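A quick note: this is a predicted structure, and the numbers were derived from the prediction, not measured.
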Amino acid sequence: MQRISDPCFSGRRGSVRCALLLLALIVLIFAAMCIGAGVDPCAYPYPSYLLQAQAWLRGEAQLDQNYEYLELAVYNGNYYVSFPPVPSIPMVLYALLFGDNVPDGLFQKLYVAIAALVILSELLRTGRMKNTDCVFWALLICLAGAMLPVALVGGVWYEAQILAFLFSVSAIVAMRRRHPTLSCLCYALSVGCRPFTACLGPVLLMLYLEDARRMHLRPRRWLKRLLPGLVLGLGVAACYGAYNYARFGNIFEFGHNYLPEFIRSEQGQFSLSYIADNWRTLFFGAPFHLTEGGLIFEQFGFSMFLSCPILLCNLVWLCKDLCLRRMNRTKWTILAMGALNVVLLLAHRTLGGLQFGLRYALELVPLSLVWLLISPDRRALTRWESALLGLGLAFNLLGGIAVHV
């Protein structure tokens, strides 16, 4: 299919201009948000991963003391970071370079920019839409949702979400470019940031199998090409298990079950009993609630469709593809894994706090990206998509500012 080009944005130089335009827009949006909220763009007020990296540099797994303002696991009288370990790995380097003054808020914004560039490069490669449309798709997928307010302030909860998103989209692009080993590595690292991103795995496998079918590869051949990635991914998973066992005596326990709030809870971290309350918030939750002092933004999660309108776009795409009978194996897999992810979120005790929007919904956005990439009819932003995602960008920008003012 011949590439649809625009003046000044065609060819190799045009791709560079697209990347520069995307970066300029991201910088402007983050600058406006930081100035409006009065937030230092480098701020890192919740440094759990830094503390864990510093513990590693001391040759220890536990922290040196309790930090009451952080979510720490308490086990056998010791305090541990209660989150998967991957975000602490680059923090080791940052700790060596910056000491206690790691500008993690800036790094989080850099991770978002890298994710947007990865998405842009794949959209440009498909050649199905104008280059400027590719720029705005990449921008809106990343920032017209919960990612924007999450990236405003550096912190343990936010960094895990952002890095999981970056590794997820990198895994998708690597698989589409026939680099299954790199894809498996990125996928394993994403799970080491947010375990629910494991739901992306079957989608990546389906992308690989569909490509192998188009290439007419025999089972022995496609398995041989995939095997190194599987071994590498399992090796990374084994490292997670060993680290979990060293801290908590359980290869599957990374610390969340030993948070005081879950220890006190009769139902624990996961229970079907939580679904009755969570579904209202996840699907229909309002972004504010009324108090005696007026309207207060809801910082414990609201509708994922308001928070991440790309998911509403995907819902429309799903209905359209069902009506036109354009569903294929990959889309059915996306639908199944998205539903599984939603069920896991519903069964979790909380939908996250200290947020504007619903940051857990970010784990569903890479699935929407795959849907966009594998849909041959997707050529340009339609008017309704532009309006919806533009409103999502403005909503999250203003809301993210409002909760910090």
Side-chain angles (χ1 to χ4, degrees), residues 83-84 86-87 108 111-112 115-116 118-119 140-151 155-173 175 183 186-207 237 240 254 256 269-270 274-275 278-279 281-283 285 300-315 318 333-373 392 396:
F83 299 93
V86 166
Q108 288 185 176
Y111 298 150
V112 174
V118 170
I119 295 171
L140 295 172
I141 287 171
C142 288
L143 293 186
M147 185 82 77
L148 183 55
V150 162
V156 55
W157 312 281
Y158 318 131
E159 186 169 8
Q161 295 283 170
I162 295 170
L163 274 176
F165 182 86
L166 171 58
F167 286 127
S168 294
V169 299
S170 298
I172 292 166
V173 171
M175 189 62 80
S183 179
C186 291
Y187 167 66
L189 292 174
S190 73
V191 176
C193 298
R194 289 285 303 171
F196 285 1
T197 59
C199 294
L200 179 63
V203 176
L204 294 173
L205 179 60
M206 189 57 64
L207 286 175
Y240 298 155
F254 58 83
H256 242 45
Q269 184 180 355
F270 290 96
Y274 299 142
I275 294 178
N278 282 344
W279 75 268
T281 301
L282 191 71
F283 297 126
F300 292 91
F302 54 78
S303 171
M304 65 179 184
F305 298 114
L306 284 175
S307 180
C308 294
I310 186 67
L311 301 179
L312 190 55
C313 290
N314 203 158
L315 192 60
L318 167 63
T333 305
I334 293 171
L335 180 59
M337 291 301 101
L340 175 60
N341 199 328
V342 168
V343 170
L344 291 172
L345 291 178
L346 290 173
H348 193 260
R349 184 177 180 273
T350 73
L351 293 175
L354 296 176
Q355 60 182 331
F356 177 81
L358 191 73
R359 65 174 183 267
Y360 291 175
L362 285 171
E363 292 153 19
L364 295 164
V365 175
L367 298 177
S368 296
L369 173 63
V370 177
W371 200 293
L372 175 69
L373 290 172
N396 282 279

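Here the side chains of N314 and L364 are not in contact, with every heavy-atom distance at 4.5 Å or above. Taking 4.5 Å as the limit, every side-chain heavy atom of L345 sits out of range of all side-chain heavy atoms of M304.
Here the CD atom belonging to Q355 is positioned 8.0 Å from the CZ atom belonging to F302, to the nearest 0.5 angstrom. Between atom CG of residue L369 and atom CD1 of residue I172 there is a gap of 5.0 Å, rounded to the nearest 0.5 Å. With rounding to the nearest 0.5 angstrom, the CG atom of L282 is 12.0 Å from the OH atom of Y360. If you take CG on L204 and CE on M175, they are separated by 5.0 Å, rounding to the nearest 0.5 Å. Interatomic distance, M147 CE to I310 CD1, rounded to the nearest 0.5 Å: 12.0 Å. Taking CG of L358 as the reference point, atom SG of C308 lies at 7.0 Å (rounded to 0.5 Å).
Contact detail for G352 and R359: the closest heavy-atom pair is CA-NH2, 4.0 Å. Closest heavy-atom contact between A171 and S183: O-OG, 2.8 Å. The nearest pair of heavy atoms linking L354 to W157 is CD1-CH2, 3.9 Å. Across every non-hydrogen atom of A144 and N396, the tightest pair is C-ND2, 4.1 Å. In terms of heavy atoms, P84 sits closest to G192 at CB-O, 2.9 Å. Closest approach of I162 to V112, counting heavy atoms only: CG2-CG2, 3.8 Å.
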Give the intermediate values and the outcome of side chain to side chain contact (heavy atoms under 4.5 Å, CB included) for residues F300 and T281.
-> CA-CA 9 Å; F300 292 91; T281 301; over 6 Å; no

Please walk me through it: do S170 and L189 pass side chain to side chain contact (heavy atoms under 4.5 Å, CB included)?
-> CA-CA 10 Å; S170 298; L189 292 174; over 6 Å; no

Using the side chain to side chain contact (heavy atoms under 4.5 Å, CB included) rule, take V342 and F283 through it: C-alpha gap first, then chi angles, then the decisive distance, then the call.
-> CA-CA 10 Å; V342 168; F283 297 126; 3.9 Å; yes

V86/Y240 under side chain to side chain contact (heavy atoms under 4.5 Å, CB included): CA gap, chis, key distance, verdict = CA-CA 9 Å; V86 166; Y240 298 155; 3.1 Å; yes

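Without hydrogens or angle criteria, Y187 side chain to F167 main chain gives no donor-acceptor distance under 3.5 Å. With hydrogens and angles disregarded, no donor-acceptor distance shorter than 3.5 Å links the side chain of T197 to the backbone of A164.
Considering R349, H348, H256 as possible partners of Q269, the one that fulfils the side-chain hydrogen bond (donor to acceptor under 3.5 Å, both in side chains) test is H348.
Both tests do not hold together for R194 against F165: distance to the six-membered ring centre under 6.0 Å, angle to the ring axis within 45°.
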